[in-house]
*Asks:* 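One structure, as structure tokens, below. Some questions next.
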Amino acid sequence: GLYALTNCTALVLPNMLHNSKPVFHRRQIGNGQSPMTRISSRRGAKEPNRKSLCKISPTCLFIFSLFGASVGILLWANFATSGYSLGGNPVPVTQGRKSSAFSKERADRSADLRSMEEISEPSDRITIHVVFSTDCGSFQHWQSYLLFYSAMKIGQAGYVTRIASGCSDEEKATLRSWHETHVTKPMSEKYTVHFTPHFSSVTQDGDRNGKQYKFFNKPFGLQHWMNHGEHMGVNSNGKIKRPDDIVVLLDPDQIILRPFDADFTNEKTTIVSGPAADRTTRRYRVEHGHPFGQHYGFGGAWTSLDTAKITGDPNSPATKISRQEARKSFAVGPPYIGTARDMYAIANKWAEFAPRVHEQLPSLMAEMYAYCSAASHLELPHQRFDHGMVSAVDANGEGWAFVDALSTEETCTVDHGGRTLPMVIHYCQRYIVGGFKFAKRSVPHNFFECGHPLLKEPPPDLAEILWKETEKQALDQKMAKRTAFVTCTAIKTLNEAAEFFKNNGCDGKENREKSFQIT
């Protein structure tokens, strides 16, 4: 309102006082005309009556200006207090939350989330943070470089941060130097590494029992980064500094195929299935109170745990979740996408609940079930989506529809014909087709070194070979195409990343032979 007022005053005032032609100080557009010039030059437009404008007295001008200023101030005050985010997207913070079957009165029961409502340091602009958790070993080191490279390749906006847990002082110094040389300088200064303490030890009754559960690094690492991260952090009041920023949590064994953002309105690039597709409850933007997550196939299994013991509250909302609601709104995994405020609330409870879940279920799924327990306890149902990843070639609830739509020629190319793809490949399976194999545990840990050869690449028609290692192991066309997509994309992206590494970090004597075949 104030901006419009000053522009109108700058335009009208010279005409009122000097009976001169309009004076435009607006940015020229199009064919050199300002927006107002273009409007007045349309067919049939009349020239403004400058004489009538000049008859307005200074007193009238003063009254007009005072009225305009009052309107501008009222408009500004209305927008400043209506909970709108920068960019015009409504972000409900303390108002406008509607009741649902899942939660009749969310604000009354979620003290932890409610405390985050009091935002003391609003963001000046919204930034996307892609983060992933690793240990300090060589196995996840090459995966981290590949993820950074894939983010650079597709032009991911914002920051990409590796959360490295449990590094010794010597390992920190080595990794910090290596990251600066091979990631920050050649790729982006926004690609960072954040170090945390060791979190993998299992405790029982407050004491370490000598066992390790490496996946504790994920909730505790995220919590540490959100508290102490260079581009995140909390203020002196314990509130997250940038509550409106978007946090995307990945696993290190993922290749990014398209940029992340908070907008899911384009139905041509999204896939949502089952009860999550119900248009009466479906969400289309990541906003406060409405995180998003990739569909995973564990359904409501986590509800069979003793959630009252996990949450420490027999009346926790997590204890009242039906298996149907659990499947619809909490059967999710990486990519997780939420506002920093929501992800901070989840991270705190996730870290608190993870050891308790592990006591009941000492398995791979413990940390994911702990995430579900935390989100449901905080009454933060997720909008579930399918297109966030492809992983298991025979799975439902993944983004395979985009891969199935590719021609066999496009399946094994680098850019896939510019077609819409899933957000990531989660290469946590073994992929074998036409005698070619990709498995993350078979990739040499020193692959990103100057002397290591590149991978032998599969033929462009790999999707048409309907067998695995031998012709006796038959594949149907759909499974062959899906397997070829992951195998080709993973191998070729690894080679691209290795070429980038050698171009920017070697002395010209590097090995560029495509001779190493994963077996």
*Asks:* Identify, with sequence neighbours excluded, every residue that meets ring-ring contact (aromatic ring centres under 6.0 Å, His included) alongside Phe195.
*Replies:* none
*Asks:* Report yes if the side chains of His129 and Thr161 come closer than 4.5 Å at any heavy-atom pair, otherwise no.
*Replies:* no
*Asks:* Treating Glu367 as the side-chain partner and Phe215 as the backbone partner, does any N or O pair qualify as donor plus acceptor under 3.5 Å?
*Replies:* no
*Asks:* Can a donor-acceptor pair be found, under 3.5 Å and without considering hydrogens, that links the side chain of Arg258 to the backbone of Leu421?
*Replies:* yes
*Asks:* If only atom types and distance count, is the side chain of His231 paired as donor or acceptor with the main-chain N or O of Gly229 below 3.5 Å?
*Replies:* no
*Asks:* Would you sort out whether Thr420 and Lys268 count as a side-chain contact (heavy atoms from CB on, under 4.5 Å), showing the intermediate values?
*Replies:* CA-CA 8 Å; Thr420 299; Lys268 293 182 179 180; over 6 Å; no
*Asks:* If you take all heavy atoms of Thr413 and Glu410, which pair is closest and at what distance?
*Replies:* OG1-O, 2.9 Å
*Asks:* So how far is it from Ser138 OG to Glu171 CD, rounded to the nearest 0.5 Å?
*Replies:* 10.0 Å
*Asks:* Checking Asp244 side chain against Ile126 main chain: does a donor-acceptor pair fall under 3.5 Å?
*Replies:* no
*Asks:* Taking the side chain as everything from C-beta on, heavy atoms only, tell me whether Trp350 gets closer than 4.5 Å to Lys218.
*Replies:* yes
*Asks:* Of Tyr369, Tyr371, Phe330, which meets ring pair (Phe, Tyr, Trp, His ring centres under 6.0 Å) against Phe298?
*Replies:* Tyr369
*Asks:* Do Asp313 and Thr311 meet the criterion of a side-chain donor-acceptor pair at a distance under 3.5 Å?
*Replies:* no
*Asks:* Tell me, yes or no, whether the heavy-atom count around Glu180 atom CD, taken from other residues, nucleotides or ligands under 6.0 Å, exceeds 12.
*Replies:* yes
*Asks:* With heavy-atom distances below 4.5 Å as the criterion, would you say the side chains of Arg419 and Phe402 are in contact?
*Replies:* no
*Asks:* Which atom names give the shortest non-hydrogen contact between Asp404 and Arg482, and what distance separates them?
*Replies:* OD2-NH2, 2.8 Å
*Asks:* Any chance you could measure Ser133, atom OG, to Ile163, atom CD1, to the nearest 0.5 Å?
*Replies:* 6.0 Å
*Asks:* In terms of relative ring orientation, are Tyr149 and Phe500 parallel, tilted or perpendicular, with 30° and 60° separating the classes?
*Replies:* tilted
*Asks:* Do Leu257 and Thr489 have side chains that approach each other closer than 4.5 Å (heavy atoms only, starting at C-beta)?
*Replies:* yes
*Asks:* Any side-chain to backbone donor/acceptor pair from Lys320 onto Asn315? Under 3.5 Å, distance only.
*Replies:* yes
*Asks:* Can you name the ring-ring contact (aromatic ring centres under 6.0 Å, His included) partners of Tyr145, sequence neighbours left out?
*Replies:* Trp178, Phe448, Phe501
*Asks:* Any chance NZ of Lys309 has more than 12 other-residue heavy atoms, nucleotides or ligands included, within less than 6.0 Å?
*Replies:* no
*Asks:* Find the distance between CG (Asn227) and CD1 (Ile240) and round it off to the nearest 0.5 Å.
*Replies:* 7.0 Å
*Asks:* Using 0.5 Å steps for rounding, measure from the CD atom of Gln223 to the CE atom of Met226.
*Replies:* 10.0 Å
*Asks:* Within the 4.5 Å heavy-atom criterion, are Met232 and Tyr159 side-chain neighbours or not?
*Replies:* no
*Asks:* Report, as yes or no, whether the 6.0 Å neighbourhood of atom CD on Glu189 holds more than 12 heavy atoms from other residues, nucleotides or ligands.
*Replies:* no
*Asks:* Do Leu494 and Leu146 have side-chain heavy atoms sitting under 4.5 Å apart?
*Replies:* yes
*Asks:* Can a donor-acceptor pair be found between the side chains of His224 and His194 at a distance below 3.5 Å?
*Replies:* yes
*Asks:* Go through it in stages, so that I can follow the logic: the residues are Val424 and Phe260, the test is side-chain contact (heavy atoms from CB on, under 4.5 Å), and I'd like the CA-CA distance, side-chain angles, deciding distance and then a yes or no.
*Replies:* CA-CA 10 Å; Val424 305; Phe260 291 100; 3.7 Å; yes
*Asks:* Might you work through the side-chain contact (heavy atoms from CB on, under 4.5 Å) test for Lys437 and Tyr431, ending with a clear yes or no?
*Replies:* CA-CA 6 Å; Lys437 172 184 176 181; Tyr431 308 92; over 6 Å; no
*Asks:* I'd like to check the ring-ring contact (aromatic ring centres under 6.0 Å, His included) partners of His387; sequence neighbours left out, ordered by chain and number.
*Replies:* Phe264, Phe385
*Asks:* As an exercise, state the distance from CD1 of Ile310 to OG of Ser316, rounded to the nearest 0.5 Å.
*Replies:* 9.5 Å
*Asks:* Determine whether more than 12 heavy atoms belonging to other residues, nucleotides or ligands lie under 6.0 Å from atom CZ of Arg430.
*Replies:* no
*Asks:* Measure from the side-chain N and O atoms of Asn217 to the backbone N and O of Gly221, and report whether any donor-acceptor pair falls under 3.5 Å.
*Replies:* no
*Asks:* Are the side chain of Ser391 and the backbone N or O of His426 linked by a donor-acceptor pair below 3.5 Å?
*Replies:* yes
*Asks:* So, for Pro458 and Leu462, which heavy atoms are closest and what is the spacing to 0.1 Å?
*Replies:* CB-CD2, 3.7 Å
*Asks:* Report the relative orientation of the aromatic rings in Phe216 and Tyr213; use parallel for angles under 30°, tilted for 30 to 60°, perpendicular for over 60°.
*Replies:* perpendicular
*Asks:* Ser165 pairs by side-chain hydrogen bond (donor to acceptor under 3.5 Å, both in side chains) with which of Thr134, Asp135, Thr196?
*Replies:* Thr196
*Asks:* Give the minimum heavy-atom separation between Glu325 and Ser322, together with the two atoms involved.
*Replies:* N-OG, 3.1 Å
*Asks:* Between Ser144 and His179, does any side-chain donor sit less than 3.5 Å from a side-chain acceptor?
*Replies:* no
*Asks:* Of all heavy-atom pairs between Val393 and Trp400, which one has the smallest distance, and what is that distance?
*Replies:* CA-CZ2, 3.6 Å
*Asks:* For Tyr284 and Arg279, run side chain to side chain donor-acceptor pair (under 3.5 Å): C-alpha distance rounded to whole Å, both residues' side-chain angles, the deciding distance at 0.1 Å, then the answer.
*Replies:* CA-CA 10 Å; Tyr284 292 88; Arg279 291 188 180 276; 2.9 Å; yes
*Asks:* Donor-acceptor check, side chain of Ser376 to backbone of Ser373, threshold 3.5 angstrom: yes or no?
*Replies:* yes
*Asks:* Say whether Thr493 and Lys153, considering side chains only, have a donor N or O and an acceptor N or O under 3.5 Å apart.
*Replies:* no
*Asks:* Drop me the distance from Ile518's CD1 to Arg441's CZ, to the nearest 0.5 angstrom.
*Replies:* 13.5 Å
*Asks:* Counting only N and O atoms by type, is there a donor-acceptor contact under 3.5 Å from the side chain of Asp261 to the main-chain atoms of Asp263?
*Replies:* yes
*Asks:* How far apart are the C-alpha atoms of Gln143 and Arg162, what are their side-chain angles, what is the distance that settles it, and do they pass the side-chain contact (heavy atoms from CB on, under 4.5 Å) test?
*Replies:* CA-CA 11 Å; Gln143 295 175 42; Arg162 174 185 178 180; over 6 Å; no
*Asks:* Quick test of your reading of the model: are Glu352 and Lys349 salt-bridged, counting only N-O distances below 4.0 Å?
*Replies:* yes
*Asks:* Counting N and O atoms only, with roles assigned by atom type, does the side chain of Tyr191 sit under 3.5 Å from a partner on the main chain of Met152, one being a donor and the other an acceptor?
*Replies:* yes
*Asks:* Side chains of Phe485 and Ile425, heavy atoms from C-beta outward: is any pair under 4.5 Å?
*Replies:* yes
*Asks:* Could you check whether Asp306 and Gln360, counting side-chain N and O atoms only, form a donor-acceptor pair closer than 3.5 Å?
*Replies:* no
*Asks:* What pair of heavy atoms forms the shortest contact from Ala374 to Ile346, and how long is it?
*Replies:* CB-O, 4.0 Å
*Asks:* Looking at side-chain heavy atoms only, is the closest gap between Gln383 and Val272 below 4.5 Å?
*Replies:* yes
